[in-house]
Amino acid sequence: MRIVSLCPSNTEILVCLGLMNQIVGVDHYSDWPKTVKNLPDLGPDLHINMEKVVQLQPDLIVASKSVPGMEKVVEQVRELNIPYLVLEPYHLEDIFDNIIEVGIATERLRKAQQVVDEMKAKIEWISERVPKLERAIKLYWEWWPKPVISPGEKNWLTDVSEIVGAKNIFAAYPHPNIQTDWERVAQESPDYVLAVWTGIPIKQVNIDRIISRPAWQGKRFVERDRVHILEEAWFCRPSPRLITGIEHLAHILYPKRFFEATSFL
């Protein structure tokens, strides 16, 4: 089977199912494992080169609406008359279901179930070791700084927060994400700031600029040990690698109970 992946999380799911050798093209941002960079580059996920997709003669195209704005790309895919699969995860359970969907579509159902079972087992292992606190730790997840974008209730990072005994400060907002501002964040008084700017490497995120935001001055949560720049690939991509992110987060919150995370799969 010849498979084309149109976003990083899809590529990671396919690789975890043992399908690396069947992937014939990926979007520009797919970067795990490193060998996927040797595959034909189809362009940025929101500007896929459909002519190049057709030239690759895929048997299956895997797209995802987890990337804001992918609806237009999905419409273009539908016009190609090539078998396709569109993933649309919101919660952690949706990610499990998506992995099974890909497993069915690629005749790797047994492997997909194994991956999901291993993910759930690791989550349970982490959850059992999280201390029971009287008050949940309040987390501010920053997906983008201007405009300020943060995950809402219909988002796997809200689930991730709960697994480690914490709470997303915007968990009550009934949408996948919320556009807000730094003043509103300060009003919510989080315990930690977690910057996971989508598509931006850690080295390009300046912690000093985050700490110096005027609306946050004098707040406990903006002290240097409370602000963390995280690997966005471990948190922004709905794939099995999210488990590595959960363990890393547990390590940040409870360093005496959790060692540094090891790569999952």
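Reckoned from all heavy atoms, side chains included, excluding hydrogens, waters and symmetry mates.
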Problem - Under 3.5 Å donor-acceptor, Thr158 side chain and Gly152 backbone - result: yes
Handout entry: Centroid-centroid distance, Tyr90 to Trp156, less than 6.0 Å
Key = no
Handout entry: Sidechain N-carboxylate O distance under 4.0 Å for Asp181, Lys146
Key = no
Exercise for the section: Output, in order, the C-alpha distance, side-chain angles, deciding distance and verdict of side chain to side chain contact (heavy atoms under 4.5 Å, CB included) for Asp191 and Arg226. Expected result: CA-CA 7 Å; Asp191 295 301; Arg226 296 280 174 151; 3.8 Å; yes
Practice task
For residues Trp216 and Val193, determine if any side-chain heavy atom of one lies less than 4.5 Å from a side-chain heavy atom of the other.
Solution key: yes
Problem - Candidate pair Trp32 and Ser239, rule side-chain hydrogen bond (donor to acceptor under 3.5 Å, both in side chains), full reasoning - result: CA-CA 11 Å; Trp32 184 90; Ser239 84; over 6 Å; no
Practice task
Would you check if the side chain of Asp45 reaches a backbone N or O of Asp27 as a donor-acceptor pair within less than 3.5 Å?
Solution key: no
Exercise for the section: Could you identify which residues cluster with Leu46, counting Ile, Leu, Val, Met, Phe, Trp and Tyr as linked when any side-chain heavy atoms lie under 4.5 Å apart, either directly or through a chain of such contacts? Expected result: Val4, Leu6, Val24, Leu42, Ile48, Met50, Val53, Val54, Leu56, Ile61, Val67, Met70, Val73, Val74, Val77, Leu80, Ile82, Tyr84, Val86
Exercise for the section: Flag the pair Asp225 / Tyr192 as yes when at least one side-chain heavy-atom distance between them is below 4.5 Å, and no otherwise. Expected result: no
Problem - Any side-chain heavy-atom pair of Asp59 and Pro83 under 4.5 Å - result: no
Handout entry: Side chain His251, main chain Phe258, donor-acceptor under 3.5 Å
Key = yes
Completion exercise
For His28 and Asp41 the tightest heavy-atom approach is ND1-OD2, 2.6 Å
Practice task
State, yes or no, whether a side-chain contact exists between Ile123 and Leu92 at a heavy-atom distance under 4.5 Å.
Solution key: yes
Exercise for the section: Given side chain to side chain contact (heavy atoms under 4.5 Å, CB included), test Val62 with Ile13 step by step and report yes or no. Expected result: CA-CA 10 Å; Val62 187; Ile13 290 173; over 6 Å; no
Practice task
Salt-bridge test for Glu75 and Arg78: reply yes if a basic N is under 4.0 Å from a carboxylate O, no otherwise.
Solution key: yes
Handout entry: Gap between atom CD of Glu71 and atom CD of Gln76 - 0.5 Å precision
Key = 12.0 Å
Practice task
Verify the neighbour count for atom NZ of Lys65: are there more than 12 heavy atoms of other residues, nucleotides or ligands below 6.0 Å?
Solution key: yes
Problem - Minimum side-chain heavy-atom gap Val164-Ile252 below 4.5 Å - result: no
Exercise for the section: Spell out, as yes or no, whether a donor-acceptor pair under 3.5 Å connects the side chain of Arg108 to the backbone of Val102. Expected result: no
Problem - Whether over 12 other heavy atoms sit under 6.0 Å from Asn38 CG - result: yes
Handout entry: Single-linkage hydrophobic cluster Tyr29~Val196, side-chain heavy atoms < 4.5 angstrom
Key = no
Fill in the blank from the handout: What one should report as the nearest heavy-atom pair of Pro33 and Met20 is CG-SD, 4.5 Å
Exercise for the section: Test Asn98 against Glu101 for side-chain hydrogen bond (donor to acceptor under 3.5 Å, both in side chains), laying out the working first. Expected result: CA-CA 5 Å; Asn98 285 171; Glu101 284 183 67; 3.0 Å; yes
Practice task
Given side chain to side chain contact (heavy atoms under 4.5 Å, CB included), test Met119 with Ile99 step by step and report yes or no.
Solution key: CA-CA 11 Å; Met119 291 175 71; Ile99 294 170; 3.5 Å; yes
Exercise for the section: Compare every heavy atom of Val115 with every heavy atom of Cys16, then report the nearest pair and how far apart it is. Expected result: O-CG2, 3.8 Å
Practice task
Supply the atom-to-atom distance Asn49 CG to Gln55 CD, rounded to the nearest 0.5 angstrom.
Solution key: 7.5 Å
Practice task
Could you tell me whether Asp208 and Arg213 have a side-chain N and a carboxylate O separated by less than 4.0 Å?
Solution key: no
Exercise for the section: Output the distance between atom OG (Ser9) and atom CZ (Arg241), rounded to the nearest 0.5 Å. Expected result: 11.0 Å
Handout entry: Nearest-0.5 Å distance that lies between atom OG in Ser64 and atom CG in Leu87
Key = 5.0 Å
Practice task
Work out which heavy atom in Glu183 is nearest to a heavy atom in Ala215; give both atom names and the distance.
Solution key: OE2-CB, 3.8 Å
Handout entry: Pairwise side-chain contact, Glu232 with Ile200, heavy-atom cut-off 4.5 Å (strictly under)
Key = no
Problem - Closest non-hydrogen atom pair between Ser30 and Lys37, with its separation - result: O-CD, 3.1 Å
Exercise for the section: Using a cut-off of 6.0 Å, state whether more than 12 heavy atoms not belonging to Lys72 lie near its atom NZ. Expected result: no
Practice task
With rounding to the nearest 0.5 Å, note down the distance linking CG in Leu139 to CG in Leu157.
Solution key: 9.5 Å
Exercise for the section: Evaluate side chain to side chain contact (heavy atoms under 4.5 Å, CB included) for Ile137 paired with Lys167, printing each intermediate quantity in order. Expected result: CA-CA 6 Å; Ile137 298 170; Lys167 180 181 180 180; over 6 Å; no
Problem - Side-chain ion pair, Lys154 and Asp159, N-O less than 4.0 Å - result: no
Handout entry: Glu12 with Arg237: basic N within carboxylate O range, under 4.0 Å
Key = yes
Practice task
Work out which heavy atom in Thr11 is nearest to a heavy atom in Ser5; give both atom names and the distance.
Solution key: OG1-OG, 2.7 Å
Problem - Salt bridge present between Glu247 and Lys122 (N-O < 4.0 angstrom) - result: yes
Practice task
Answer whether the closest heavy-atom distance between the side chains of Pro151 and Asn168 falls below 4.5 Å.
Solution key: yes
Practice task
Would you please classify the geometry between the Tyr140 ring and the Phe170 ring as parallel, tilted or perpendicular, with 30° and 60° separating the classes?
Solution key: perpendicular
Practice task
Kindly compute the distance separating CD1 (Ile23) from CZ (Arg2), expressed to the nearest 0.5 Å.
Solution key: 12.0 Å
Handout entry: Pair Lys120 + Glu124, salt bridge at N-O below 4.0 Å
Key = no
Handout entry: Note, Trp143 side chain near Ser150 side chain (heavy atom, < 4.5 Å)
Key = no
Handout entry: Glu51, CD: over 12 other non-hydrogen atoms inside 6.0 angstrom
Key = no
